[in-house]
Number of protein chains: 2
Amino acid sequence: MITNKNCIIRLSRYKNALYRLRDLGFVKVFSDNLADAIGVTASQVRKDFSLFGITGNRKGGYEIASLLEKLGGILGKDRIERVIIAGAGHLAYALMHYRGFEKEGIKIEAAFDIDPLKFAKNAQIPVLPMEEMKDFVVSNNIKVGVLAVPEVGAQRAADTMFAAGIKGILNFAPLRLKAPNDCAINNVNLEIELENLVYFVNVLEKKG
Amino acid sequence: MITNKNCIIRLSRYKNALYRLRDLGFVKVFSDNLADAIGVTASQVRKDFSLFGITGNRKGGYEIASLLEKLGGILGKDRIERVIIAGAGHLAYALMHYRGFEKEGIKIEAAFDIDPLKFAKNAQIPVLPMEEMKDFVVSNNIKVGVLAVPEVGAQRAADTMFAAGIKGILNFAPLRLKAPNDCAINNVNLEIELENLVYFVNVLEKKG
DNA sequence: TAGATTGTTAATCGATTAACAATC
DNA sequence: TAGATTGTTAATCGATTAACAATC
């Protein structure tokens, strides 16, 4: 099993580029075209495919439909992925209303909060008490969650998620979560992203 | 100038860990402690510091206050960084209300949209017409922006930002922006983050 | 001083790229 | 066939880690 995160991210990007090519009516693609589309080398594309046993036709390139099917299989896109959110603040609200997930087969099933004022049991995407998470996650067999609570409650909310059976967390809280070995964490730290951007803007300014 | 993004991200993490140590009353720190705090090796810490000419005391470790000052200087934390947002949807709203930015010296000054229903010229963080971006950015000398509009309008909004003088964009739209050479782009792609998480959850499940 | 930690060089590791034989 | 593209191996590149002399 390949555990290089960058490689898996490239697979997602290939997939997105292939969707666009297919919608434009293309049927086949060369490693060179895909490389241009996502900004890597053709060697990289062929190497990535070869790591997953994806083969094309020498001289004929790759068939887009079959490539999409294989990439979808690897990335788990062969079924709808159901997701919950811990926290029902502004960020959770933004995620619940985000349109981009549906076409990717990602469905947000519910959000959970400790604040009774946030509860909305009958909303399209219900907001439920944190104590109900475990029942919900177990009975819906959900494996992936988003952590969108303030930093101060983040580890506690994460522990609730792990206890409920969540195996992967997309973490927006700006801290390093302690997690069981059999669980995956992806961090999105907006302060650090902006700080990083500021650094590179300053570098480019000095250069130019 | 160091242009390794991971290295700069580590500097941010060191800084955050150092804030916590300082608030706990610590005055000095060894490379080994910092390494544990952010999950890297002590060699990595010393190497990172050495790349930026940061030195400690042989035997005595590093003084936290002076380290924070130096890291702050490198990361541009010696002054408030003023930022605008293109788009005034749910995500922009979440960012405008996010509490984490203030302590990092990041201030969101305004958001811009094309929908007159969103305008709020007198709000604490005003929402202004997209056409006013250039004037606002120029007169406030803003260099960094967040792109939080739907995919379909993203490149156009980015071009507006570049034309206004923005040199760095934190991009939430799920596409590869075309940008001038002297501009920096950091991408946050939530679909890809979740897709990636699903992959690793599946890998861990098969392993276990 | 003896012991411990830095700063830096050298070794290792892993990922990317180049090259090219295989082949359609 | 001749030309072009794949699949894979070897070479390169860059980042991380180990090692250790310098030194407080």
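The basis for the numbers below is simple: all heavy atoms, side chains too, and nothing from hydrogens, waters or symmetry mates. First the proteins, then the strands, lettered A, B, ... as listed; each starts at 1.
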**Request:** Fit a plane to each ring of A:His97 and B:His90, take the angle between them on a 0 to 90° scale, and name the class: parallel (under 30°), tilted (30 to 60°) or perpendicular (over 60°).
**Result:** tilted
**Over 12 foreign heavy atoms within 6.0 Å of NZ, B:Lys118** = yes
**Complete:** Whole-Å distance, B:Lys28 NZ to C:dT6 C1', equals 13 Å
Let me check something: any side-chain donor-acceptor pairs from residues 54-74 of chain B under 3.5 Å, sequence neighbours excluded? List them with distances.
none

**For atom CG of B:Asp48 and atom C1' of C:dT6, their distance in whole Å** = 15 Å
**Request:** Kindly indicate, with the supporting measurements, whether the criterion side chain to side chain contact (heavy atoms under 4.5 Å, CB included) is fulfilled by B:Ile8 and B:Ile2.
**Result:** CA-CA 8 Å; B:Ile8 308 302; B:Ile2 287 83; 4.2 Å; yes
Mind listing the side-chain donor-acceptor pairs of residues 164-174 of chain B below 3.5 Å, one per line with the distance, residues two or more places apart or on another chain?
from	atom 1	to	atom 2	distance (Å)
B:Lys167	NZ	B:Asp182	OD2	2.9
B:Asn171	OD1	B:Ala173	N	2.9
B:Asn171	ND2	B:Ala173	O	3.1
B:Asn171	ND2	B:Leu175	O	3.3
B:Asn171	ND2	B:Asn187	OD1	2.8

**Request:** Using whole Å, report how far CG of B:Leu51 lies from C1' of C:dT9.
**Result:** 13 Å
**Request:** Please report, rounded to the nearest Å, how far the P atom of C:dT16 is from the CZ atom of A:Phe49.
**Result:** 14 Å
**Request:** Round to the nearest Å and state the distance from B:Leu67 atom CG to C:dT6 atom C1'.
**Result:** 13 Å
Check nucleotides 12-15 of chain C against the protein and report each pair of N or O atoms closer than 3.5 Å, with its distance, or say if there are none.
from	atom 1	to	atom 2	distance (Å)
C:dA15	O5'	A:Asn4	ND2	3.1

Any protein N or O atoms within reach of nucleotides 3-5 of chain D? Criterion: under 3.5 Å, listing atom names and distances.
none

**Any B:Phe112 side-chain heavy atom under 4.5 Å of B:Ile85 side chain** = no
**Fill in**
When the rotation axes relating C1' atoms of four end pairs to the next four are compared across the helix from C:dG3-D:dC24 to C:dC24-D:dG3, five pairs an end, they differ to 10° by 0°
**Message:** Is the phosphate of C:dT17 approached by A:Thr41 (side-chain N or O, under 4.0 Å from OP1 or OP2)?
**Reply:** yes
**Prompt:** Counting only heavy atoms not in A:Phe26, do more than 12 fall under 6.0 Å of its CZ?
**Reply:** no
**Request:** Determine whether A:Met96 and A:Gln124 make a side-chain contact, defined as any pair of heavy atoms from C-beta on separated by less than 4.5 Å.
**Result:** no
**Asked** A:Lys47 NZ to D:dA10 P: how many Å, rounded?
**Response** 11 Å
**Asked** Does the side chain of A:Val188 reach to within under 4.5 Å of the side chain of B:Glu193, using non-hydrogen atoms?
**Response** yes
**Message:** A side-chain contact here means heavy atoms from C-beta on lying under 4.5 Å apart; do A:Met130 and A:Asp113 qualify?
**Reply:** no
**Message:** Test of understanding: with side-chain hydrogen bond (donor to acceptor under 3.5 Å, both in side chains), list the residues that count as partners of B:Tyr93, not counting sequence neighbours.
**Reply:** none
